[in-house]
Amino acid sequence: MPVRAPTFVSRRRLFEQKLSDLHKCTNLNELKQLHAVIYKSNLHRDPFVAPKLISALSLCRQIGLALNVFDQIPSPNVYLCNTLIRAYIRNSEPEKAFQVLYRMQASGVLPDNYTYLFLLKASSGLRFVRMIHAHVEKCNLYSDLFMPNSLIDAYFKCGMLGVEAAKVLFGVMEERDLVTYNSMITGLVKAGELNEAKQLFDEMPQRDRVSWNAILDGYVKAGEMSRAFEVLEKMPTRDVVSWSTVISGYAKMGDIEMAKTLFDKMPEKNLVTLTIMISRYAERGLAKEAIALYNQMEEGSFKPDDITFVSILSASAQSGLLSLGKRIHHSIMKSRYKCAIVTSNALIDMYCKCGSLNRAWRIFNEMGRKDLVSWNVMIHGLAMHGHGKKALYLFDCMKLEGFAPDNVTFVGVLSACNHAGMLEDGIRYFYSMESAYNIAPQIEHYGCMIDLLGRGGRLNEALRLANCMPFKPNVVIWCSLLGACRMHNALDLAEEVLDQLVKLDPANAGKYSMLSNVYAAAGDWDNAANARLQMWKTANKTPPGASLIELDGEFHEFTVMDTTHPKSDRIHQTVNGLTQHLRKVAYSPTIAV
DNA sequence: CTAGGGTTAG
């Protein structure tokens, strides 16, 4: 058959096809074309086309155009109103979604099940859920169990009081189905009430896989891995979720071996399973394993999604693997029209930690919408790179844009002061946390302050703060004090701090190394050599920390006093040369900031 | 409407 040019009829059919799939359209350019054609042919008032158009516009974040379509319909029906509600929810504007509900009530359009379901998805806060519950009671929307089941789920997302409300609702329900029980069990598990969840699980009339998986998750969340494993073996049938839940649990408890064993053993894996392993590897600093799995995924049949990207970016960031990070950035840009906020945040963090502040800054500036984490990551990134003043400027900007700083923000702000040597400002910000922002300082913030005071030479104040803060000083606090002692040649204090460190964590080699530096800095080489010896004696007990770099696609791993690399001599020569050069021009480990 | 995965912290 000869190939023919598309006729008028087939072109029309193509358009109809596109119209029927319109609500799934996520390509903005394609949508804009369709939008124009629809308006030209006056189809935007068509009761079948309008909701689809609104849906597609909201998917492509064109909420203004979506509202425009809605406003052209003289008397919108429930279905169309629901579409607009969902559009606002997709656009993270729940208040506007509720305004649509009020508009419906004012114009006499009766809300239905879906109206409330969409609103429930958006509503955070007990007040909203109670309000919807009242509406549902009033309109008697109890023809099936959809509504009460959704209400139970929504109540559980409202904190402690919500948990009680869910229990009350469950108690008065005359009819319950599997989903009712499952929602209760899931909610109770999330609220940490494992015993009550277990009780319901035991008394429910029948159980399918979802119930088993929910109770499995309960044991995993409680850290009871042997019980979880028992359930995994006992349950009638296991699916990907069952295996993944248990694998994730073992890895979280630190038993990565067992996680890997089960991962290899499970009959069928999916995207989530692989992502779990990648993120657990990343979490434990096993970058090489995380990358290997990610590569396997890229070659295989699973397409990474945002959560996968975030996990592997976290692995790249932790290991400082810029080339890997860039490669992932490229894959992300290839696979989607626009980055999700979380993904952009992870990219910013990765570029900061891999030393490319410029790239991080560009992404931060080009983001359409930012969230609190975006600001936190950028402030911290600037602080890390020594741009203390700029970080503090950004802190002012975020407040101007209406973001309330949280505890993480203040870690960034305090470390900005630290890196810029702004001792007095740091103290001022620290006290403002409680007085101006109602945030109680955590051990991390005390850590920043102790570091700041120590670097500034106010060692006694630093020590006093460590001893009188409402937390027991941890290893990080003592190490930071030890560093300050080294910096200011405070040998006596260093001994005292070291005693505390040894008491807290006897089997750690790093401390001896640190102490050796204290002596070395003070010119006491005999004791320095002794400390090194001690370090080697204890080193066998703990695996040494390793650094990993990637060069031309090959990984190179180094540990303390490592001479196994084939070019070890040249590497050490170069490092020594650099150190001497640094000492000459600017940096000296004994000079205070 | 119910089950497993994610980002920021000294």
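Each chain gets a letter, A, B and so on, in the order its sequence line appears, and its residues count up from 1.
Within 4.0 Å of A:K190, counting heavy atoms only, lie sugar-phosphate atoms of the nucleic acid but no base atom. Within the 4.0 angstrom heavy-atom criterion, no nucleotide atom of any strand lies near A:R209. If you check every strand for non-hydrogen atoms under 4.0 Å, A:D306 touches nothing. Using a 4.0 Å heavy-atom cutoff across all strands shown, A:D153 reaches sugar-phosphate atoms only and no base atom. Using a 4.0 Å heavy-atom cutoff across all strands shown, A:T273 reaches at least one base atom of the nucleic acid. Nucleic acid contact class of A:I477 (heavy atoms, under 4.0 Å, all strands): base. Within 4.0 Å (heavy atoms only), A:V240 reaches at least one base atom of the nucleic acid. Across all strands shown, A:T308 has heavy atoms under 4.0 Å from base atoms, whether or not it also approaches the sugar-phosphate. Across all strands shown, A:V377 has heavy atoms under 4.0 Å from sugar-phosphate atoms exclusively, and none from any base.
No hydrogens or angles considered: nothing links the side chains of A:S150 and A:D153 as a donor-acceptor pair under 3.5 Å.
Partners of A:R209 by salt bridge (charged side-chain N to carboxylate O under 4.0 Å, His left out), not counting sequence neighbours, listed by chain and number: A:D239. Applying the salt bridge (charged side-chain N to carboxylate O under 4.0 Å, His left out) rule to A:K399 yields the partners A:D396; only residues at least two apart in sequence or on another chain are considered.
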Donor-acceptor pairs under 3.5 Å, side chain of residues 257-264 of chain A to any protein atom, not counting sequence neighbours: which ones?
unit_1 : atom_1 : unit_2 : atom_2 : d
A:K260 : NZ     : A:D264 : OD1    : 3.2
A:K260 : NZ     : A:D264 : OD2    : 2.9
A:T261 : OG1    : A:E257 : O      : 2.8

Please table the atom pairs, donor to acceptor, closer than 3.5 Å between any side-chain atom in residues 470-479 of chain A and protein atoms at least two apart or in another chain.
unit_1 : atom_1 : unit_2 : atom_2 : d
A:N474 : OD1    : A:V476 : N      : 3.2
A:N474 : OD1    : A:I477 : N      : 3.0

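Nucleotides of DNA chain B with any atom under 4.0 Å from a heavy atom of chain A span, from 5' to 3', B:dC1 to B:dG10.
Pairs passing the ring-ring contact (aromatic ring centres under 6.0 Å, His included) check and including a residue from residues 191-224 of chain A, sequence neighbours excluded, read A:F201-A:W212.
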